[in-house]
S.K.: 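Mind looking over this structure? Questions follow.
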Amino acid sequence: MAASPPVAPEPVVASGSALAFAPGKLILFGEHAVVYGHPAVALAVDRGTTVSLVAVDGPTRIVAADVEDPRLLPALCTILPSEGLGVTLRSTLPVGRGMGSSAALAVALVRAWARWQGRSLDLDEIHQAGFQVERVFHGNPSGVDHAVSARGGAVCYWRRPPGPEIRAVPVAPLPLVVLDTGRAGDTGVQVAGVASRRPGVDPLLAAIGALALAQLPALAQGDLPSLGAAMRENHRLLQGIGVSTPALDALVALALAHGALGAKLAGAGGGGVVVALVPEPGPLLAAAAAAGVDAFPVGVHPSQER
Ligand code: PMV
C-alpha cells in the first residue's frame with residue numbers, strides 16, 4: 001500500500017500513562033462478500049473503545065474492563081510487553097454484535113501503545129498492527145473493520161493481494177438507528193457457514209459487492225430513498241447466503257413498519273444488530289422501546305485522514 005498520512009496525535013495524559021480511543025463500525029453494504037474480494041462500504045460510528053495504559057509492577061494485566069472475554073489478555077499480549085503495564089478498557093459498543101468492538105479495541109490498543117512509546121504511527125502501521133490483534137478474535141478477518149476504525153469516516157474496502165485497497169468515500173449525513181437483537185453472533189461460524197455454501201452462493205456474493213459499489217454516488221449525495229432500497233436488497237441477499245435469523249428479520253420488519261426507508265443486518269449475522277435508515281427516528285425508537293428492544297441513533301465518527 002502507498003504511505004498514508006499521519007494520524008492526528010492525541011495527547012499523552014500524564015507521564016507513565018497513555019490513552020487512546022478508536023471507533024466501532026457499521027457495514028452499510030457488503031459484509032461477507034468482502035471476504036471474497038468484493039467491495040464493502042463501512043462507516044466509523046460515534047461509539048467506540050478507549051484503552052488506557054498505566055505503569056504497574058509485575059506482569060502486564062487488565063486492571064479494569066467493561067467486557068469479560070478470555071481472548072482479551074492474549075489479544076493485548078500480541079502488542080504489549082509482558083511486564084509492567086496495567087490496561088483499562090472502556091467501551092460504548094455492544095460486544096459481539098457486528099459493530100466492530102474487537103477492531104476498535106485493536107486500533108485503540110495500537111494507538112495507546114504507540115503513545116506510551118512516544119511514537120506516531122501512520123494509518124498503514126495501525127492497520128497492520130491492529131490486524132494481528134484482531135486475528136486473536138477472528139481467524140481470518142477481511143480487515144474492513146479495523147481499516148474503518150483506524151481511518152474514521154466512510155471507506156470502500158477491497159481485500160486484495162498483496163494488500164487491501166481502501167478508499168475514503170464522501171458521505172452525506174445519514175439518519176441511522178441501530179437495533180440490537182441482544183444476542184452475539186459468532187463471526188467465525190458465520191464466515192465458515194458461507195464458505196460451506198459456496199460455490200452456490202457466489203452469484204449472491206457478487207451481487208452484494210456490485211450493490212455496495214453502486215451506492216457510492218447515493219452516499220455522497222445523501223440520496224436516502226436509493227440507499228434505503230439498496231439496504232433492503234442487501235438484507236434480502238444476506239438472507240439468501242444464510243446469515244440472517246428470525247430475530248434479525250423481525251427487527252428489519254419492525255424498522256420498515258416504523259418509517260425506515262431501508263434496514264439490514266450489519267456485520268456477520270447469526271445475531272448482532274440491524275441498521276436502519278430512518279429520517280424520523282422517533283416512532284421507531286418508541287416502538288423498539290415498547291418491544292423491549294435496545295435501539296439507538298448513531299452518527300459517523302469523523303475521518304482521521306488529512
Ligand atoms: O465481525 P463482524 O460481525 O463485524 O463481521 C465482519 C464482516 C464479515 O464480512 C462477515 C467478516 C469480515 O472479516 O469481513
Side-chain angles (χ1 to χ4, degrees), residues 22-45 47-49 67 69 71 75 91 93-107 127 130-150 154-161 163-166 178-198 201-202 204-209 211-213 234-235 237-245 247-248 251 264-275 298:
K25 67 91 182 56
L26 284 169
I27 298 179
L28 213 47
F29 302 106
E31 48 272 273
H32 287 289
V34 68
V35 172
Y36 300 100
H38 300 294
V41 176
L43 304 172
V45 298
R47 290 182 172 226
T49 299
V67 282
D69 187 323
R71 297 169 297 185
S91 187
L93 292 165
V95 174
R97 305 288 214 286
M99 289 193 70
S101 59
S102 59
L105 165 69
V107 172
H127 189 92
F131 205 72
Q132 286 175 41
V133 182
E134 215 189 338
R135 273 179 183 279
V136 176
F137 294 97
H138 307 307
N140 185 21
S142 68
V144 62
D145 287 20
H146 61 276
V148 71
S149 180
V155 301
C156 191
Y157 184 96
W158 291 258
R159 178 184 214 176
R160 284 197 173 135
E165 180 175 347
I166 307 167
V178 167
L179 301 117
D180 189 352
T181 61
R183 293 219 187 130
D186 185 321
T187 300
V189 167
Q190 296 305 317
V191 169
V194 173
S196 74
R197 293 187 278 278
R198 295 183 70 211
V201 297
D202 282 355
L204 300 180
L205 295 169
I208 291 172
L211 189 67
L213 203 55
N234 197 161
H235 186 72
L237 291 164
L238 288 165
Q239 288 174 317
I241 64 168
V243 297
S244 193
T245 64
L248 287 162
L251 292 184
K264 61 178 275 292
L265 73 85
V273 298
V274 158
V275 59
V298 286

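Along the sequence shown, residues carry numbers from 1. Owing to the predicted nature of the structure, the values given are computational and were not obtained by experimental measurement. Side chains included, hydrogens not; waters and symmetry mates left out as well; all remaining heavy atoms used. One-based numbering, in listed order, for ligands and for the atoms of each.
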S.K.: Any side-chain to backbone donor/acceptor pair from Asp145 onto Lys25? Under 3.5 Å, distance only.
M.R.: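 Here the side-chain-to-backbone pair does not exist.
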S.K.: Note the single closest protein heavy atom to atom 8 (C) of ligand 1, along with its residue, its atom name and the distance in Å.
M.R.: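 For atom 8 (C) of ligand 1, the nearest protein heavy atom comes out as His32 N, 3.9 Å.
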S.K.: With a sphere of 6.0 Å drawn around CZ of Arg160, does it hold more than 12 non-hydrogen atoms of other residues, nucleotides or ligands?
M.R.: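 Yes, CZ of Arg160 has more than 12 neighbouring heavy atoms, counting only those of other groups under 6.0 Å.
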S.K.: Atoms of ligand 1 less than 4.0 Å from Val34 heavy atoms?
M.R.: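 Counting atoms of ligand 1 from 1, those under 4.0 Å from Val34 are 9 (O), 14 (O).
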S.K.: Distance to 0.1 Å, residue and atom name: give those for the protein heavy atom nearest to atom 6 (C) of ligand 1.
M.R.: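 Protein heavy atom at minimum distance: Asp145 OD1, 3.9 Å.
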S.K.: Does the N or O separation between Lys25 and ligand 1 drop below 3.5 Å for any pair?
M.R.: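 Between Lys25 and ligand 1, an N or O pair is found under 3.5 Å apart.
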S.K.: Counting N and O atoms only, with roles assigned by atom type, does the side chain of Gln239 sit under 3.5 Å from a partner on the main chain of Ser244, one being a donor and the other an acceptor?
M.R.: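 No, because the side chain of Gln239 does not come within donor-acceptor range (under 3.5 Å) of the backbone of Ser244.
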S.K.: By ring pair (Phe, Tyr, Trp, His ring centres under 6.0 Å), which residues pair with Phe137, not counting sequence neighbours?
M.R.: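 Ring pair (Phe, Tyr, Trp, His ring centres under 6.0 Å) check on Phe137 returns nothing, list empty.
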S.K.: For the pair Arg197 (side chain) and Ala195 (backbone), establish whether a donor and an acceptor sit closer than 3.5 Å, ignoring hydrogens and angles.
M.R.: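 The answer is no, because no donor-acceptor pair under 3.5 Å joins these two groups.
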S.K.: Nearest heavy atom to atom 7 (C) of ligand 1: which of Asp186, Ile27, Val243, Leu26 does it belong to?
M.R.: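 Checking each option, the heavy atom nearest atom 7 (C) of ligand 1 is found in Ile27.
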S.K.: Look at atom 13 (O) of ligand 1 and say which protein heavy atom is nearest, naming residue and atom and giving the distance to 0.1 Å.
M.R.: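 Protein heavy atom with the smallest distance to atom 13 (O) of ligand 1: Ser142 N, 2.8 Å.
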S.K.: Are the side chain of Arg159 and the backbone of Pro141 linked by a donor-acceptor contact shorter than 3.5 Å?
M.R.: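 At least one qualifying donor-acceptor pair exists.
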S.K.: Nearest protein heavy-atom contact for atom 5 (O) of ligand 1: which residue, which atom, what distance?
M.R.: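 Here the nearest protein heavy atom works out to Ala268 N, 3.3 Å.
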S.K.: Please list, in number order, the atoms of ligand 1 under 4.0 Å from a heavy atom of Gly267.
M.R.: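 Heavy-atom distances to Gly267 below 4.0 Å select 3 (O), 5 (O).
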S.K.: Between the side chain of Lys264 and the main-chain N/O of Ile27, is any donor-acceptor distance below 3.5 Å?
M.R.: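 Yes; at least one donor-acceptor contact below 3.5 Å.
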S.K.: Using ring pair (Phe, Tyr, Trp, His ring centres under 6.0 Å) as the criterion, list what pairs up with His235, not counting sequence neighbours.
M.R.: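 Partners of His235 by the ring pair (Phe, Tyr, Trp, His ring centres under 6.0 Å) criterion come out as none, since no residue qualifies.
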S.K.: May I ask you to list the atoms of ligand 1 that are less than 4.0 angstrom from any heavy atom of Val35?
M.R.: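 Reading through ligand 1 atom by atom, the close ones are 9 (O), 11 (C), 12 (C), 14 (O).
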S.K.: Any idea which atoms of ligand 1 are less than 4.0 Å away from a heavy-atom of Glu31?
M.R.: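 Counting atoms of ligand 1 from 1, those under 4.0 Å from Glu31 are 9 (O).
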S.K.: Could you identify the single nearest non-hydrogen protein atom to atom 1 (O) of ligand 1 and state the distance to 0.1 Å?
M.R.: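 Checked against all protein heavy atoms, atom 1 (O) of ligand 1 sits closest to Thr187 OG1, 2.8 Å.
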